[in-house]
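Report on the following structure.
Residues: numbered from 1 along the sequence shown.
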Amino acid sequence: MARQHPEEPTLVEVTIEEVKAMGKQGMNHPSTRPVLTGGVVGAIAGAVLPVVTWPVGLFAGAAIALYTRVKR
């Protein structure tokens, strides 16, 4: 399926650029703290829930927080 607006970057491209910027700027980047907070919340939820382990919760929480930051 062809993209309607090929000049606009895809979600994957935007996410990769965001992660690179977070890596370069560290805690000074506006997305770093929300993504770390999402990871911590996910890890706590993973530790509390019997089905999910904390590393899975950490990854899922950080991924959800990053997705919400990129989608804006």
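Minimum heavy-atom separation, Arg69 to Pro30: NH2-O, 3.2 Å. Here the shortest heavy-atom pairing between Ala65 and Pro34 reads CB-O, 3.6 Å.
Within the 4.5 Å cutoff, the side chain of Thr10 has heavy atoms near those of the Glu13 side chain.
The line from OG1 of Thr15 to NZ of Lys71 is 9.0 Å long, rounded to the nearest 0.5 Å. Rounding to the nearest 0.5 Å gives a distance of 9.0 Å between CG of Leu36 and CG of Leu58.
Taking Val52 as the reference, Val56 meet the side-chain contact (heavy atoms from CB on, under 4.5 Å) condition, with sequence neighbours excluded.
Through side-chain heavy atoms spaced under 4.5 Å, either directly or across other Ile, Leu, Val, Met, Phe, Trp or Tyr residues, Val70 is tied to Leu11, Val14, Val19, Met22, Val35, Leu66, Tyr67. In this structure, Val41 shares a hydrophobic cluster with no other residue, the cluster being traced through Ile, Leu, Val, Met, Phe, Trp and Tyr side chains under 4.5 angstrom apart.
Using a 3.5 Å distance cut-off with no hydrogens or angles, the side chains of Glu18 and Ser31 do pair a donor with an acceptor.
The only member of Gln25, Arg33, Met27 that meets side-chain contact (heavy atoms from CB on, under 4.5 Å) when paired with His29 is Gln25.
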